[in-house]
Amino acid sequence: HYPLRRQRQMCIRDRVIAANDAVEEIVMMGLRLTQGIEKKRLNSLMGPEFTKAAVNLTEGGFLQDSGPILRTTRRGRLMLNAVLRELLTA
């Protein structure tokens with residue numbers, strides 16, 4: 001038998017997730033990584049309200065607009081949960 005932790009990981013990998021959950025995962029993982037996420041992809045996934053929230057977070061120093069890429073700043077990484085909450089509830 002597998003330990004409980006391993007069983008849970010296997011169940012998560014095998015689970016089919018809803019489209020909305022998939023979008024959240026893409027945003028969360030993309031902004032956790034230093035290379036960021038493509039703005040074009042974000043706009044197509046999230047729509048105009050997300051864009052407005054991203055602009056506000058960029059102006060506040062939490063996100064960095066690097067041409068085609070949006071990434072968190074040092075300050076944004078320190079406050080990542082709040083940044084994600086702001087973006088995902090937009």
Side-chain angles (χ1 to χ4, degrees):
H1 292 300
Y2 292 103
L4 182 59
R5 172 183 241 156
R6 184 159 173 105
Q7 287 178 356
R8 194 172 4 174
Q9 289 172 343
M10 288 175 62
C11 290
I12 290 170
R13 265 190 243 132
D14 294 339
R15 182 180 69 148
V16 176
I17 61 174
N20 196 35
D21 292 338
V23 169
E24 288 182 9
E25 287 293 322
I26 290 168
V27 173
M28 286 189 290
M29 290 307 298
L31 292 178
R32 281 192 172 101
L33 302 173
T34 56
Q35 58 260 44
I37 190 168
E38 291 181 359
K39 288 189 300 187
K40 183 177 176 180
R41 185 174 192 195
L42 287 173
N43 291 334
S44 70
L45 291 171
M46 304 295 290
E49 290 303 313
F50 174 82
T51 302
K52 189 186 308 182
V55 167
N56 290 338
L57 288 165
T58 300
E59 290 172 354
F62 298 99
L63 295 176
Q64 177 186 13
D65 185 340
S66 302
I69 302 292
L70 189 67
R71 60 177 53 97
T72 52
T73 61
R74 181 174 175 356
R75 181 178 181 196
R77 282 188 299 279
L78 292 172
M79 304 283 296
L80 187 58
N81 287 340
V83 169
L84 290 170
R85 186 172 38 255
E86 185 72 23
L87 289 172
L88 295 173
T89 59

Rounded to the nearest 0.5 angstrom, the CG-CD distance for L57 and E86 is 5.5 Å

Just verifying a value: how many Å separate L33 CG and M28 CE, rounded to the nearest 0.5 Å?
12.0 Å

Is a side-chain donor or acceptor of K39 paired with a backbone partner of G67 at a separation under 3.5 angstrom?
yes

Give the cluster check for I69 versus V27: same hydrophobic cluster or not, with ILVMFWY residues linked at side-chain heavy-atom distances below 4.5 Å.
no

Starting from I26, can I reach L88 by hopping between I/L/V/M/F/W/Y residues whose side chains sit under 4.5 Å apart?
yes

Flag for T51-N43: side-chain donor and acceptor within less than 3.5 Å:
yes

Heavy-atom check, side chain of R32 versus side chain of L80, under 4.5 Å
yes

Side chain to side chain contact (heavy atoms under 4.5 Å, CB included) with K52: which residues, sequence neighbours excluded?
E49, N56

Could you list the donor-acceptor pairs under 3.5 angstrom formed between side-chain atoms of residues 70-79 and any protein atom two or more places apart in sequence or on another chain?
from: R71; atom 1: NE; to: T34; atom 2: O; distance (Å): 3.0
from: R71; atom 1: NH1; to: S66; atom 2: OG; distance (Å): 2.9
from: R71; atom 1: NH2; to: Q35; atom 2: O; distance (Å): 3.3
from: T72; atom 1: OG1; to: L31; atom 2: O; distance (Å): 3.3
from: T73; atom 1: OG1; to: G61; atom 2: O; distance (Å): 2.6
from: T73; atom 1: OG1; to: F62; atom 2: O; distance (Å): 3.3
from: T73; atom 1: OG1; to: R75; atom 2: N; distance (Å): 3.4
from: T73; atom 1: OG1; to: G76; atom 2: N; distance (Å): 3.0
from: R75; atom 1: NH1; to: G60; atom 2: O; distance (Å): 2.7
from: R77; atom 1: NH1; to: T72; atom 2: O; distance (Å): 2.9

